[in-house]
Amino acid sequence: MKNLETNLDPKELSKNPEEFKRFLVALRTMYYYTYHNRWQIDKINSDYTTIDKKYLSKMTYDYRTRVKRLESAMDVNQAFLTEIWKKYEPDQSYYQNYDQRDLDNLAYNEYSTLNYAVFMYISRDWTINRKNEREVHYTPIIEAVKKYVPPQSKILLPGAALLRLGYELAKIGYNIDANDYNFLNVILCDYLFNYSKMNQFTFQPLIRSFSNYLTEDAVFRKFSFPDENIDLKGKGKIIMEAGDFTKMYNNKENNYDCVITCFFIDTAKNVIEYIDIIEKVLKKGGIWINFGPLSYHWVGYQNIPTIELPYDKLKEVIINYGFEYLHEEINKTVIYCEIEDFMKNDVFNCVFFTCKKK
């Protein structure tokens with residue numbers, strides 16, 4: 001029995017050419033990780049050989065040491081990515097309908113997501129180093145679920161990222177339908193839940209930049225993951241799908257006992273559309289639990305119509321959709337993906353509420 005059910009079968013995925021293309025791009029992004037990051041090493045070599053030697057003479061630090069450490073760290077990261085990639089890379093025949101250069105270009109654009117988002121999700125959700133942060137984010141949600149949602153209920157978790165929250169709920173006995181748009185997240189979740197063992201991998205997620213660190217060593221800190229053996233035998237069930245939340249759940253009315261949005265609703269182009277879908281998918285009396293800021297992701301995209309509402313106006317919309325507030329608070333100074341010995345961490349005042357569909 002699998003701990004997590006996903007649809008990553010190339011034969012099935014290829015029935016939807018656009019979705020399958022996103023799957024292939026995710027795999028290429030993982031496979032070419034070192035290649036896409038090589039510019040960083042090239043730039044260091046170029047910069048330090050260009051700078052006047054009178055300035056460099058004031059440093060006891062040798063930049064070539066940084067280069068060697070970077071190369072080693074990239075190899076460490078590439079090793080675990082390649083191990084996972086090998087599990088999912090389809091036969092070359094599946095590539096025949098796709099332009100290889102186009103896939104490579106899209107993968108190049110996607111590697112920043114791997115560097116800045118996915119690596120941070122791994123460290124937050126599946127390393128012992130970020131346990132305290134997880135507890136700040138997830139414990140209030142889990143306690144609200146236990147208070148308002150009966151055991152064995154069906155919960156929708158959109159924007160699930162690397163699914164630690166879903167896992168903690170499934171361990172209690174809840175059944176989770178998880179969703180994330182990014183195939184990188186879905187592929188990593190499938191591997192972690194179904195094929196990994198405790199502390200199987202080591203990686204160095206912080207090497208993407210040297211800005212704002214207190215020490216050079218902090219950049220090269222190593223993390224092991226996952227921090228436990230994942231086992232849901234006899235517990236709740238988790239199904240995870242890749243895709244656009246607004247397209248996948250717009251027709252699943254009265255299907256869920258609970259919807260949890262954790263650092264998610266501000267990913268909307270139109271946040272009212274998200275609320276509309278949440279109201280539709282919930283059964284009568286169903287519970288919506290939200291935790292997160294309103295750092296709207298699509299601000300500044302001039303060619304994309306967006307709606308950004310402050311919380312007081314958003315709350316009016318929620319009430320107008322017929323939701324009843326059961327609990328509401330602002331959790332102040334919540335750090336998101338905290339980095340030790342870093343001089344700039346994202347801190348939010350998060351809206352935490354529980355609503356009931358009338």
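All values below were derived from every heavy atom in this structure, side-chain atoms included, with hydrogens, water molecules and symmetry-related copies excluded. Note that this is a predicted model, so its numbers are computed, not measured.
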Checklist entry - With distance as the sole test, does R124 use its side chain to make a donor-acceptor pair with the main-chain N or O of R130 at under 3.5 Å? => result no

Next on the checklist: Would the distance check show the side chain of N349 and the main-chain N or O of T333 forming a donor-acceptor pair, the cut-off being under 3.5 Å?
Outcome noted: yes

Next on the checklist: Against the six-membered ring of Y195, is K87 placed for a cation-pi contact (under 6.0 Å from the centre, within 45° of the normal)?
Outcome noted: yes

Checklist entry - Hey, any chance I275 and V259 share a hydrophobic cluster, counting ILVMFWY side chains that come within less than 4.5 Å of each other, even indirectly? => result yes

Checklist entry - Quick one: does Y88's side chain have a donor or acceptor within less than 3.5 Å of a partner on Y191's backbone? => result yes

Checklist entry - For K237, does the NZ atom have more than 12 heavy-atom neighbours from other residues, nucleotides or ligands under 6.0 Å away? => result no

Checklist entry - Ion pair present between K252 and D177, side-chain N to carboxylate O less than 4.0 angstrom? => result no

Item to check | Any I207 side-chain heavy atom under 4.5 Å of M74 side chain | outcome: yes

Checklist entry - Will you find, in the side chains of N179 and Y249, an N or O donor that is under 3.5 Å from an N or O acceptor? => result no

Next on the checklist: Checking the side chain of H36 only, and the main-chain atoms of N109 only, is there a donor and an acceptor separated by less than 3.5 Å?
Outcome noted: no

Item to check | Criterion side-chain hydrogen bond (donor to acceptor under 3.5 Å, both in side chains) against R134, the qualifying member of T139, D227, D125, T127 | outcome: D227

Checklist entry - Which pair of heavy atoms, one from V76 and one from F203, lies closest together, and at what distance? => result CG1-CA, 3.9 Å

Next on the checklist: Strictly below 4.0 Å, N to O, side chains only: are K21 and E18 in salt-bridge contact?
Outcome noted: no

Checklist entry - When you look at E71 and R38, which way does the salt bridge (charged side-chain N to carboxylate O under 4.0 Å, His left out) test go after all the steps? => result CA-CA 9 Å; E71 289 175 332; R38 182 69 204 186; 3.4 Å; yes

Checklist entry - Checking K315 against F353: charged group under 6.0 Å from the ring centre and within 45 degrees of the axis? => result no

Next on the checklist: So, taking the atom named CZ in F352 and the one named SG in C262, what distance separates them when rounded to the nearest 0.5 Å?
Outcome noted: 10.0 Å

Checklist entry - Can you hop from F264 to V299 via hydrophobic side chains spaced under 4.5 Å? => result yes

Next on the checklist: So that I know where these two stand, are F263 and H137 an aromatic pair - ring centroids less than 6.0 Å apart?
Outcome noted: yes

Checklist entry - If Ile, Leu, Val, Met, Phe, Trp and Tyr residues are connected whenever their side-chain heavy atoms lie under 4.5 Å apart, and connections chain through other members, are Y174 and I239 in the same group? => result no

Next on the checklist: Checking Y61 against E216 for the side chain to side chain donor-acceptor pair (under 3.5 Å) test, could you report, in this order, the C-alpha distance in whole Å, the side-chain angles of both residues, the deciding distance, and whether it holds?
Outcome noted: CA-CA 10 Å; Y61 176 74; E216 181 90 358; 2.6 Å; yes

Next on the checklist: Parallel, tilted or perpendicular, judged at 30° and 60°: which one describes the rings of F119 and F80?
Outcome noted: tilted

Checklist outcome for this item: Here the pair of heavy atoms bringing I238 nearest to G166 is CD1-O, 3.8 Å

Checklist entry - With distance as the sole test, does T29 use its side chain to make a donor-acceptor pair with the main-chain N or O of V25 at under 3.5 Å? => result yes

Checklist entry - In terms of heavy-atom contacts, does OH of Y181 have more than 12 from other residues, nucleotides or ligands at under 6.0 Å? => result no

Item to check | Side chain to side chain, F210 and L70, heavy atoms closer than 4.5 Å | outcome: yes

Next on the checklist: Grouping I, L, V, M, F, W and Y whenever their side-chain heavy atoms are under 4.5 Å apart, do V347 and M120 come out in a common cluster?
Outcome noted: no

Item to check | Verify same cluster id: I319, Y311 (apolar side-chain graph, 4.5 Å) | outcome: yes

Checklist outcome for this item: Residues F193 and L162: closest non-hydrogen pair is CE1-O, 4.3 Å

Item to check | Distance-only polar pair, side chains of N185 and Y121, donor-acceptor under 3.5 Å | outcome: no

Checklist entry - Between L13 and N7, which heavy-atom pair has the shortest distance, and what is it? => result CD2-O, 3.4 Å

Next on the checklist: Counting the benzene-type ring for Trp, do F23 and F20 have ring centres under 6.0 Å apart?
Outcome noted: yes

Next on the checklist: A side-chain contact here means heavy atoms from C-beta on lying under 4.5 Å apart; do I172 and E168 qualify?
Outcome noted: no

Checklist entry - Any luck finding a side-chain donor-acceptor pair between D217 and T215 under 3.5 Å? => result no

Checklist entry - Do NZ/NE/NH1/NH2 and the carboxylate oxygens of R28 and E89 come within less than 4.0 Å? => result no

Checklist entry - More than 12 foreign heavy atoms under 6.0 Å from OH of Y301: is that the case here? => result no

Checklist entry - Are any of the side-chain heavy atoms of R66 and V219 separated by less than 4.5 Å? => result no

Checklist entry - Rounded to the nearest 0.5 Å, what separation is found between the CG atom of N251 and the CD atom of E253? => result 8.0 Å

Checklist entry - Any side-chain heavy atom of L163 sitting closer than 4.5 Å to one from Y167? => result no

Checklist entry - Is any side-chain heavy atom of H297 closer than 4.5 Å to a side-chain heavy atom of D266? => result yes

Checklist entry - If only atom types and distance count, is the side chain of Y256 paired as donor or acceptor with the main-chain N or O of L157 below 3.5 Å? => result no

Checklist entry - Side chains of F245 and I278: does their closest heavy-atom pair fall under 4.5 Å? => result yes

Next on the checklist: Check whether S57 reaches the backbone of K54 with its side chain - one donor and one acceptor, N or O, closer than 3.5 Å.
Outcome noted: yes

Next on the checklist: Counting only heavy atoms not in Y63 (residues, nucleotides, ligands), do more than 12 fall under 6.0 Å from its OH?
Outcome noted: yes

Checklist entry - Do the side chain of N270 and the main chain of I307 share a donor and acceptor less than 3.5 angstrom apart? => result no

Next on the checklist: Using 0.5 Å steps for rounding, measure from the CZ atom of R22 to the CG atom of L184.
Outcome noted: 10.0 Å

Checklist entry - Shortest non-hydrogen contact from L192 to W126? => result CD1-CD1, 3.8 Å

Item to check | Distance in Å, N175 CG paired with L156 CG, rounded so as to fall on 0.5 Å steps | outcome: 13.0 Å

Checklist entry - To the nearest 0.5 Å, what is the distance between CE (M343) and CG (N345)? => result 11.5 Å

Checklist entry - Just wondering, more than 12 heavy atoms not from K171 lying within 6.0 Å of its NZ? => result yes

Item to check | Contact summary for Y111 and Y108, nearest pair of heavy atoms | outcome: CD2-O, 2.7 Å

Checklist entry - What's the spacing between Y296 OH and T267 OG1 if we round to 0.5 Å? => result 10.5 Å

Checklist entry - Does N77 reach the main-chain N or O of Q204 with its side chain, forming a donor-acceptor pair under 3.5 Å? => result yes

Checklist entry - Relative to Y48, does R64 satisfy both conditions: NZ or CZ under 6.0 angstrom from the six-membered ring centre, and within 45 degrees of the ring's axis? => result no

Checklist entry - Going by atom types alone, do T82 and Q78 pair a side-chain donor with an acceptor below 3.5 Å? => result yes

Next on the checklist: How about NZ on K154, more than 12 heavy atoms from neighbouring residues, nucleotides or ligands closer than 6.0 Å, or not?
Outcome noted: yes

Item to check | R164 to Y138, cation-pi by 6.0 Å centre distance and 45° axis angle | outcome: no

Item to check | L294 vs P310 side-chain heavy atoms within contact, under 4.5 Å | outcome: no

Next on the checklist: Donor-acceptor check, side chain of N194 to backbone of N3, threshold 3.5 angstrom: yes or no?
Outcome noted: yes

Next on the checklist: Walk me through whether L81 and L114 qualify under side-chain contact (heavy atoms from CB on, under 4.5 Å).
Outcome noted: CA-CA 10 Å; L81 290 170; L114 179 63; 4.0 Å; yes

